[in-house]
Amino acid sequence: MSSTNQTNGHAITSPTLKSAYKIASIPGDGIGTEVISAGVEVLKALTKKFDSFELEFTDFDWGTERYLKTGRYTPEDYLSILKGSDAIFFGSVGSPSVPDHISLWGLRLAICQPLQQYANVRPTRILPGTKSPLANCKTGDLDWVIVRENSEGEYAGQGGRTHIGCDHEVATELSIFTRTGVRRIAQFAFSVAQKRPRKMLNLWMVMWDEVILEVAKGFPDVKLDHMLVDAMTVRMVLDPRSLDTILATNLHADILSDLAAALAGSIGIAPTANLDPTRKNPSMFEPIHGSAFDITGLGLANPIATFWTASEMLHWLGESEAALGLMAAVENVCTAGIMTRDLGGKASTAEVTEAVIKEIMNL
């Protein structure tokens, strides 16, 4: 069983199936608008094919262009608007015209933190028909789920600057960890590892270890594997088959997941789910790659990360048959060699999208 078949987080609270789901679509900036458009097109084809549920999309222009016009990325009542959705389909945020910390805190974290999306889940594997830069690493050899704590650490927002502009200027950034935060992400990560064939959880850090050992008592079937982050980077490259579910702090997991995507072939295939495992709030699903302004408007953006992200969203909603069908279509297209340049192909964003839709209709 590969990670395609994992729901990656349904264990804590089960989904409630519906005949129609409300999806808040936030394309954001750069190639986000291109890949979310492609994702919506594919999802509409999928619902037509399966004919068992509907997806009702509402589009929001929350991005840098709105910020430059109004001084805000969102309207003031944005949280109440989002809470009326079953899920959020997010493209990217960030532009050369606005400092990164403003766009990050103005949109992405403004959604993740108040909606308690504390579990960031990043599945990674080599798709059929694609190649890893690692020698002799084949499909099936690299199959990981990285669980990133998504609310603390550097995202705690503690720190600042004093004596700005002076030679003795001081800048601080504090990484904050709480037992509550570590405990809840550990419980989530164990539940993910427990569903995977190898039932292995890789982790590090002192206070984290103490809390996780307490949580581990409730998951006796999951094997713990402790490793420092620098050693983990080496292991990811030299022995990818030895890893399974990787739990890490916000900063460490962000770096490791980018490395993981590159080792799997391209950051253009990497999905993300920002989950509230309690399901009290809607969860948000986004491709990892960001806004990529250097290729915006050229038709070069790889939509596979968004399609995989859409599959994760369907899993989360409880529509796993459709989620598996979507990934099967993506794998068939990759196997046929219809891929964008980052994967060594020649196809455009639109051509990959059209090919996936064709495969969906042939399921």
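Note that the numbering runs from 1 along the sequence shown for the chain.
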Any Lys/Arg nitrogen of [X] or [Y] sitting under 4.0 Å from an Asp/Glu carboxylate oxygen of the other?
X	Y	answer
Arg184	Glu152	no
Lys69	Glu65	yes
Asp143	Arg196	yes
Asp254	Arg122	yes
Asp86	Lys22	no
Arg179	Glu210	yes

Looking at [Y], is its backbone amide N or carbonyl O close enough to the side chain of [X] to form a donor-acceptor pair, meaning the two atoms are under 3.5 Å apart?
X	Y	answer
Glu169	Gly165	yes
Thr245	Val145	no
Ser257	Ala253	yes
Asp276	Asn281	yes
Ser37	Glu34	no
Glu214	Arg183	no
Ser291	Phe293	no
Gln117	Ser151	no
Thr349	Ala301	yes
Asp29	Ser92	no

When hydrophobic residues are tied together by side-chain contacts of less than 4.5 Å, even through go-betweens, does [X] share a cluster with [Y]?
X	Y	answer
Leu275	Val215	yes
Ile31	Ile267	no
Phe177	Leu251	no
Leu82	Tyr73	yes
Val234	Ile255	no

Is the shortest side-chain heavy-atom distance between [X] and [Y] below 4.5 Å?
X	Y	result
Thr296	Thr33	no
Phe190	Leu224	yes
Lys199	Asp244	no
Ile360	Leu326	yes
Asn202	Trp144	no
Tyr78	Pro114	yes
Val121	Phe188	yes
Thr340	Leu300	no

I need the [X] [atom1] to [Y] [atom2] distance, nearest 0.5 Å.
X	Y	atom1	atom2	answer
Arg72	Leu107	CZ	CG	10.5 Å
Ile357	Lys44	CD1	NZ	10.5 Å
Thr16	Arg279	OG1	CZ	7.5 Å
Arg108	Trp62	CZ	CH2	15.5 Å
Ile81	Thr74	CD1	OG1	8.0 Å
Met339	Asn302	CE	CG	9.5 Å

Provide the closest heavy-atom pair for [X] versus [Y] in the form atom of the first, atom of the second, distance.
X	Y	value
Pro287	Ala305	CB-CB, 3.7 Å
Ala24	Ser85	CB-OG, 3.5 Å
His289	Gly268	CD2-CA, 4.5 Å
Trp316	Ser283	NE1-OG, 3.4 Å
Ile36	Ser25	CG2-OG, 3.4 Å
Pro27	Phe60	CD-O, 3.5 Å

Around atom [atom1] of [X], are there more than 12 heavy atoms of other residues, nucleotides or ligands at under 6.0 Å?
X	atom1	answer
Glu56	CD	yes
Arg241	CZ	no
Asp141	CG	yes
Arg341	CZ	no
Lys131	NZ	no

Does Leu17 form a side chain to side chain contact (heavy atoms under 4.5 Å, CB included) with Phe53? I'd like the steps, not just the answer. CA-CA 9 Å; Leu17 296 178; Phe53 65 95; over 6 Å; no
Check Asn274, Thr309, Thr272 against Glu286 for a side chain to side chain donor-acceptor pair (under 3.5 Å) and give me the one that passes. Asn274
Only one of Val192, Asp225, Val222 clears side chain to side chain contact (heavy atoms under 4.5 Å, CB included) with Leu201; which?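 Of the listed residues Val192, Asp225, Val222, the side chain to side chain contact (heavy atoms under 4.5 Å, CB included) partner of Leu201 is Val222.
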Which is it for Met313 and Ile23 under the side chain to side chain contact (heavy atoms under 4.5 Å, CB included) test, yes or no, and what are the steps along the way? CA-CA 10 Å; Met313 181 173 71; Ile23 309 298; 4.2 Å; yes
In terms of side-chain heavy atoms, does Thr178 have a donor or acceptor partner in Thr180 at a distance below 3.5 Å? no
One pair to check against side chain to side chain contact (heavy atoms under 4.5 Å, CB included): Val93 and Leu104. What are the steps and the verdict? CA-CA 7 Å; Val93 65; Leu104 178 66; 5.7 Å; no
Begin with the C-alpha distance, continue with both residues' side-chain angles, and end with the deciding distance and a verdict on side chain to side chain contact (heavy atoms under 4.5 Å, CB included) for Val42 and Val330. CA-CA 10 Å; Val42 162; Val330 168; over 6 Å; no
Under 30°, 30 to 60°, or over 60°: which ring-plane class applies to Tyr155 and Trp105, parallel, tilted or perpendicular?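 The arrangement is perpendicular - the two ring planes meet at more than 60°.
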Under 30°, 30 to 60°, or over 60°: which ring-plane class applies to Phe89 and Phe57, parallel, tilted or perpendicular?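 Rings of Phe89 and Phe57: tilted, as their planes differ by 30° to 60°.
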Could you walk me through whether Glu154 and Ser175 pass the side chain to side chain donor-acceptor pair (under 3.5 Å) test, one step at a time? CA-CA 5 Å; Glu154 292 68 32; Ser175 295; 2.5 Å; yes
